[in-house]
Amino acid sequence: MKIDKKTFIDSLGGPEAAGRMDSEARADALESHMMAQLNRPKTGDPAWDQIKPEKYPTVAEVESQIETRKYREGVGFMYVPRTGENVKRLTPMPPSPTLYDFFKLRFMDTSNHVLQSAALAMKNSMKEEIILACLLHDVVQEIIRTDHGWWGAQLFEPYVPEKVSFAIRYHQTLRYYPDPSVGYEYPDLYRQLFGYDYVPPPYIEATYQMVRKHPWYMDARLVTVNDLYAFDRNAVVTIEPFMDIVGRHFKQPKEGLGNDGSPVAHMWRTIARPDQPL
Ligand SMILES: [Fe+2]
Ligand SMILES: [Fe+2]
């Protein structure tokens, strides 16, 4: 892929900002930049054709894409594969499924990303609750992506410490707001996904104002810090190194996730049996 060097450096905030990044961060940013270009839909839509490939779209241009798709962007990855291919028959879940089983048999499209995020958190010597939050923060996107912070927190709330579900719920909001104190900058990927002139809606702004003052702010913030560069699709990370942390902080129900009668058991069954018509 041809990369326009000036556009790429501008997207990092100019030569000075690029110079402050270490080589790993620059490589990661380059990968995100390339992914963003690769992910541009090829629809023949005139609104898109007018956009120079090296430029981020506007909000209006992102909206003009809606009616070119066969699905809505908020639908989960396991329900509508973005490859356009047919779905595959799934391996049945064991009778009492554990979190480990869901990672092995259902979180196909999200596990690589969250495992890399958890691995980065571990490398950065984060406390165990943060590593667990990183491990779980995006897996709900298998079923739904819209407001995934809230959905994800709900999915895990009965089984994890409150701080972990807090961090999962609010990482979504904090991704829109930089925090130079921990080196977190607004992600270029969001300029691509939402449009460069996107302004988060009032409920996100109000949530940010609340979380910013909350004593647990940094727990949610650290998920975004360890989330940012976790996009290497070729890296192989397994769940095994995290199983001790899962064992210490995740209350696995003995009946199995989905069979435990918890307020969110239906969400686990929905992930376990996505081919069920009703
Ligand atoms: Fe997320
Ligand atoms: Fe993420």
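As a basis for the values below, the full set of heavy atoms in this structure was taken, side chains included, without hydrogen atoms, waters or symmetry mates. We count residues from 1, following the sequence as given.
Taking both residues in full, the closest heavy atoms of P97 and Q252 are given as O-NE2, 3.2 Å, listed atom of the first, atom of the second, then distance. Here the shortest heavy-atom pairing between P274 and L90 reads CG-CD1, 3.3 Å. Taking both residues in full, the closest heavy atoms of S96 and N259 are given as CA-ND2, 4.3 Å, listed atom of the first, atom of the second, then distance. Residue M93 comes nearest to A272 through the heavy atom pair CG-CB, 3.8 Å, listed as atom of the first residue, atom of the second, then distance. The minimum heavy-atom distance linking A119 with V237 is given by the pair CB-CG1, 4.1 Å. Considering every non-hydrogen atom in both G74 and T146, the closest pair reads CA-OG1, 3.2 Å.
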Would you please test F102 and I271 for side chain to side chain contact (heavy atoms under 4.5 Å, CB included) and show each step? CA-CA 8 Å; F102 276 92; I271 302 172; 3.9 Å; yes
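Between the S117 side chain and the H113 main chain, no donor and acceptor come within less than 3.5 Å of each other. At distances below 3.5 Å, at least one donor-acceptor pair connects side-chain atoms of R82 with backbone N or O atoms of V80. At least one donor-acceptor pair closer than 3.5 Å links the side chain of W268 to the backbone N or O of L155. Between the H137 side chain and the C134 main chain, a donor and an acceptor come within less than 3.5 Å of each other.
Here OG1 of T207 is found 4.0 Å from CH2 of W150. Values are rounded to the nearest 0.5 Å. With rounding to the nearest 0.5 angstrom, the CZ atom of F107 is 14.5 Å from the CG atom of N112. Here CG of L174 is found 9.5 Å from CD1 of I204. Values are rounded to the nearest 0.5 Å. Here F250 contributes atom CZ and L99 contributes atom CG; the two are 4.5 Å apart, rounded to the nearest 0.5 Å. Rounding to the nearest 0.5 angstrom, the gap separating the CG atom in L115 from the CZ atom in F242 is 6.0 Å. In this structure, the separation between CG on L135 and CG on N226 is 12.5 Å, given to the nearest 0.5 Å.
Follow the hydrophobic side-chain contacts under 4.5 Å out from M243 and you reach V114 in the same cluster. Clustering ILVMFWY residues whenever any of their side-chain heavy atoms sit less than 4.5 angstrom apart, transitively, puts V139 in a cluster other than the one holding V236. Grouping the Ile, Leu, Val, Met, Phe, Trp and Tyr side chains by contacts below 4.5 angstrom, directly or via other members, places I239 with I245. Note: the hydrophobic cluster containing V140 also contains V75 (ILVMFWY, side chain heavy atoms under 4.5 Å, direct or indirect links). Hydrophobic clustering (side-chain heavy atoms under 4.5 Å, transitive across Ile, Leu, Val, Met, Phe, Trp, Tyr) groups Y203 together with F166.
Under the 4.0 Å criterion applied to side-chain N and carboxylate O atoms, E142 and R106 are not assigned as salt-bridge partners.
Remark: E67 pairs with no residue by the salt bridge (Lys or Arg N to Asp or Glu O under 4.0 Å) rule, at least two apart or across chains. Not a single salt bridge (Lys or Arg N to Asp or Glu O under 4.0 Å) links R72 to another residue, sequence neighbours left out.
If you run ring-ring contact (aromatic ring centres under 6.0 Å, His included) between Y177 and each of Y184, Y217, Y208, Y186, only Y208 comes through. A side chain to side chain contact (heavy atoms under 4.5 Å, CB included) with V225 holds for exactly one of I130, D179, V182; it is V182.
Residues K55 and Y196 form no side-chain contact, since every pair of their non-hydrogen atoms from C-beta on lies 4.5 Å or further apart. Using a 4.5 Å heavy-atom threshold, the side chains of H249 and V160 count as separate. At least one side-chain heavy atom of L136 sits less than 4.5 Å from a side-chain heavy atom of F103. Considering only heavy atoms from C-beta on, I168 comes within 4.5 Å of F156 through its side chain.
Side chains of D188 and Q192: a donor-acceptor N/O pair is absent below 3.5 angstrom, by distance only. Judged by distance alone, the side chains of D101 and T98 do bring a donor and an acceptor atom under 3.5 Å apart. Side-chain atoms of E61 and T58 form a donor-acceptor pair, as typed in the model, at a separation below 3.5 Å.
Each side chain to side chain donor-acceptor pair (under 3.5 Å) pair with one or both residues in residues 152-174, not counting sequence neighbours, appears once here: D138-H171, D147-Q172, H148-H171, E157-R169, Y159-D260, Y159-S262. The stretch residues 200-220 participates, sequence neighbours left out, in these salt bridge (Lys or Arg N to Asp or Glu O under 4.0 Å) pairs: K127-D219. Sorted by first then second residue, the salt bridge (Lys or Arg N to Asp or Glu O under 4.0 Å) pairs that include residues 267-277, not counting sequence neighbours, number zero. Annotation: ring pair (Phe, Tyr, Trp, His ring centres under 6.0 Å) contacts involving residues 72-92, sequence neighbours excluded, are absent.
Annotation: Y176 is in aromatic contact with Y190 [ring centroid separation under 6.0 Å].
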